[in-house]
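The structure appears right after this line, and notes come after that.
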Amino acid sequence: MEIGQAHNFIFQGKKEVKRLHVQNRLLKEYEAPIFEEIFEGRRQLSVLDIGSNDGTKTTEWFSQEAVSKVVGLEYNAELAKKAQQKYGNDKFSFYSMNVESSDFFDKMKELMEEKEIQSFDIIYMSLVLMHLSDIRHVLEVVRPLLKEDGQIVIIEADDENSALLPDKKGLLPEFLNILKKDKYSGNREVGNEICGLLEQVGYGNIYIWHESISAGAEEKEKKKDIFTTFFSYLPEDVELLLREEPECEEYQEWAKWLGSNYKKLRRLIVQSDSTIFMGIKILSCTKGER
């Protein structure tokens with residue numbers, strides 16, 4: 001799932017497709033070593049990707065020989081259909097399903113029986129939980145789908161670990177404050193809460209791989225990718241919010257702030273002496289015991 005885009009993926013034009021491509025390229029540096037370690041020496045793995053979007057990232061991550069079956073679930077029916085048409089085969093299959101629906105578990109068991117999958121070696125959720133209403137319930141529902149020695153890999157936003165140096169005028173905190181209130185950007189604090197929730201549900205061996213992604217002085221192109229991934233969608237969100245509620249003073253203030261500071265913030269991030277950290281919690285854990 002994209003960072004910041006909820007409500008049935010309202011932005012699926014060329015600009016958002018490009019942003020998603022940049023996001024995947026940026027996160028690959030951090031995710032690839034994790035899967036290399038998980039795949040090492042293993043065969044016939046089954047994978048459940050919750051929030052598979054159009055299937056592009058799913059097929060890129062899980063085309064390795066170690067994986068034999070991949071099920072991608074996507075809330076948006078149009079995207080799930082697109083993924084199945086483009087990538088569906090004996091190994092990959094994509095379905096439209098709502099992980100928060102009351103019949104999700106029963107539907108999954110039927111699907112797994114059809115696919116001859118007793119349980120999954122890997123469950124992957126990238127920037128999904130931040131857009132759900134009851135995270136703990138979802139973690140409880142998917143836990144029985146994981147093998148006893150399987151692993152769940154979770155990626156979530158955690159703005160508490162975001163920082164920009166230098167930032168004398170505090171533009172990044174102001175931006176993040178708007179983002180936190182933007183109803184389309186999801187719960188920006190899930191990354192800070194996720195470990196506690198996993199422990200409460202019964203998962204074990206929780207290992208945090210990364211708490212942020214960063215780029216320093218000489219990494220201008222990476223900083224551009226970070227800006228595209230984490231910052232570029234807010235102006236579109238605010239534009240949409242103003243169309244929905246044109247008289248909302250708060251949304252009007254957000255638009256004014258972006259008009260005055262958005263380009264300044266970009267210049268500050270990509271300048272040669274800046275260092276940017278964007279909070280992203282990347283972790284893995286096992287099913288644990290209950």
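Just the heavy atoms: all of them, side chains too, but no hydrogens, waters or symmetry mates, feed the values below.
In plain terms, the two heavy atoms of H210 and Y30 that are nearest each other are NE2-O, 3.6 Å. T275 approaches A217 most closely through the heavy-atom pair OG1-N, 4.4 Å. The two residues L242 and A255 come nearest to each other via the heavy atoms CD1-CB, 3.8 Å. Smallest separation of non-hydrogen atoms from P144 and E140: CD-O, 3.1 Å. Scanning both residues, L172 and S162, for their nearest heavy atoms gives CD2-C, 4.2 Å. Scanning all heavy atoms of the two residues, the minimum distance from I269 to F227 falls at CD1-CD1, 3.7 Å.
In this structure, the side chain of E100 engages the main chain of S133 through a donor-acceptor pair within 3.5 Å. With hydrogens and angles disregarded, no donor-acceptor distance shorter than 3.5 Å links the side chain of Q23 to the backbone of T228. The main-chain N or O of K115 is found under 3.5 Å from a side-chain atom of K69 such that the two form a donor-acceptor pair. Between the side chain of Q44 and the backbone N or O of V67, no donor-acceptor pair lies under 3.5 Å. With hydrogens and angles ignored, the 3.5 Å screen pairs a side-chain donor or acceptor of E156 with a backbone N or O of L129. Put simply, the side chain of Y203 gets close to the backbone of L139: a donor and an acceptor are under 3.5 Å apart. A donor-acceptor distance shorter than 3.5 angstrom exists from the side chain of R19 to the backbone of T229, with no hydrogens or angles considered. The backbone N or O of N76 sits less than 3.5 Å from a side-chain atom of E74, completing a donor-acceptor pair. Using modelled atom types, no side-chain atom of S126 and backbone atom of I155 make a donor-acceptor pair closer than 3.5 Å. Under the 3.5 Å distance criterion, the side-chain polar atoms of S93 are left unmatched by any main-chain donor or acceptor of G88.
When only modelled atom types and interatomic distance are considered, Y87 and T56 share a side-chain donor-acceptor pair under 3.5 Å.
Between R42 and D121 the shortest side-chain heavy-atom distance falls below 4.5 Å. N177 is not listed as a side-chain neighbour of W257, based on a closest heavy-atom distance of 4.5 Å or more. A heavy-atom distance below 4.5 Å is found between the side chains of I122 and F39. Using a 4.5 Å cut-off on side-chain heavy atoms (C-beta onward), D167 and P173 make contact. Between L171 and L164, every side-chain heavy-atom pair lies at or beyond the 4.5 Å cut-off.
A salt bridge does not link D159 with K180: every distance from a Lys NZ or Arg NE/NH1/NH2 to an Asp or Glu carboxylate oxygen is 4.0 Å or more. The residues E110 and K107 are annotated as not salt-bridged, no charged nitrogen and carboxylate oxygen being separated by less than 4.0 angstrom. In this structure, K57 pairs ionically with E31, as a charged nitrogen and a carboxylate oxygen lie closer than 4.0 Å. A salt bridge between E78 and K82 is absent, with no side-chain N of the basic residue lying under 4.0 Å from a carboxylate O of the acidic one. At a threshold of 4.0 Å, the pair E148-K287 counts as salt-bridged, since one of the basic side-chain nitrogens sits closer than that to a carboxylate oxygen. A salt bridge links R243 with E239: the closest approach of a Lys/Arg side-chain nitrogen to an acidic carboxylate oxygen falls below 4.0 angstrom.
Atom OG in S96 sits 12.0 Å away from atom CD in Q84 (nearest 0.5 Å). From I213, atom CD1 reaches atom CD of E29 across 8.5 Å, with rounding to the nearest 0.5 Å. Here the CG-OH distance, from D49 to Y124, works out to 6.5 Å after rounding to the nearest 0.5 Å. The OH atom of Y207 lies 11.5 Å from the CD atom of Q151; values are rounded to the nearest 0.5 Å. Between the CD1 atom of I117 and the CD atom of E114 there is a distance of 9.5 Å, given to the nearest 0.5 Å. Note that the CE atom of M108 and the CG atom of L48 stand 4.5 Å from one another [nearest 0.5 Å].
Under the 4.5 Å side-chain contact rule for hydrophobic residues, I123 and L111 share a cluster. Both V142 and I206 are members of a single hydrophobic cluster when ILVMFWY side chains are connected at heavy-atom separations under 4.5 Å. Put simply, I152 and W209 are part of the same group of oily side chains (I, L, V, M, F, W, Y) that touch within less than 4.5 Å, one to the next. By the criterion of side-chain heavy atoms lying less than 4.5 angstrom apart, applied directly or through intervening Ile, Leu, Val, Met, Phe, Trp or Tyr residues, V141 is grouped together with V153 in one hydrophobic cluster. Both I34 and L26 belong to a common hydrophobic cluster when Ile, Leu, Val, Met, Phe, Trp and Tyr are linked at side-chain heavy-atom distances under 4.5 angstrom.
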(message) Under the criterion side chain to side chain contact (heavy atoms under 4.5 Å, CB included), I'd like the reasoning laid out for F230 against I276: C-alpha separation, chi angles, the key distance, then a yes or no.
(response) CA-CA 11 Å; F230 292 92; I276 178 76; over 6 Å; no
(message) For K109 and E113: C-alpha separation, side-chain torsions, deciding distance, then whether salt bridge (Lys or Arg N to Asp or Glu O under 4.0 Å) applies.
(response) CA-CA 6 Å; K109 295 303 289 185; E113 183 177 351; over 6 Å; no
(request) With side chain to side chain contact (heavy atoms under 4.5 Å, CB included) as the test, would you mind laying out the steps for K224 and R266 before giving the verdict? (result) CA-CA 8 Å; K224 288 180 179 179; R266 185 184 187 279; 4.0 Å; yes
(request) Carefully, step by step, assess Q118 and M112 under the rule side chain to side chain contact (heavy atoms under 4.5 Å, CB included). (result) CA-CA 7 Å; Q118 292 186 347; M112 291 164 67; over 6 Å; no
(message) Evaluate I154 against L198 for side chain to side chain contact (heavy atoms under 4.5 Å, CB included), listing each step before the verdict.
(response) CA-CA 11 Å; I154 295 175; L198 289 166; 4.1 Å; yes
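L132 pairs in a side-chain contact (heavy atoms from CB on, under 4.5 Å) with only one of the listed residues (N187, V190, V99), which is V99. When the options F120, F35, F92 are evaluated for a ring pair (Phe, Tyr, Trp, His ring centres under 6.0 Å) with F62, the one that passes is F35.
When the shell of 6.0 Å around CG of N89 is examined, it contains more than 12 heavy atoms from other residues, nucleotides or ligands. Annotation: K91, atom NZ; neighbour count of heavy atoms from other residues, nucleotides and ligands within 6.0 Å is above 12. Atom NZ of K81 has 12 or fewer neighbouring heavy atoms from other residues, nucleotides or ligands inside a 6.0 Å radius. Other residues, nucleotides and ligands contribute at most 12 non-hydrogen atoms within 6.0 Å of the NZ atom of K220. Applying the 6.0 Å contact sphere to CD of E250 captures more than 12 heavy atoms from other residues, nucleotides or ligands.
Taking the six-membered ring for Trp, F231 and Y262 have ring centres at least 6.0 Å apart.
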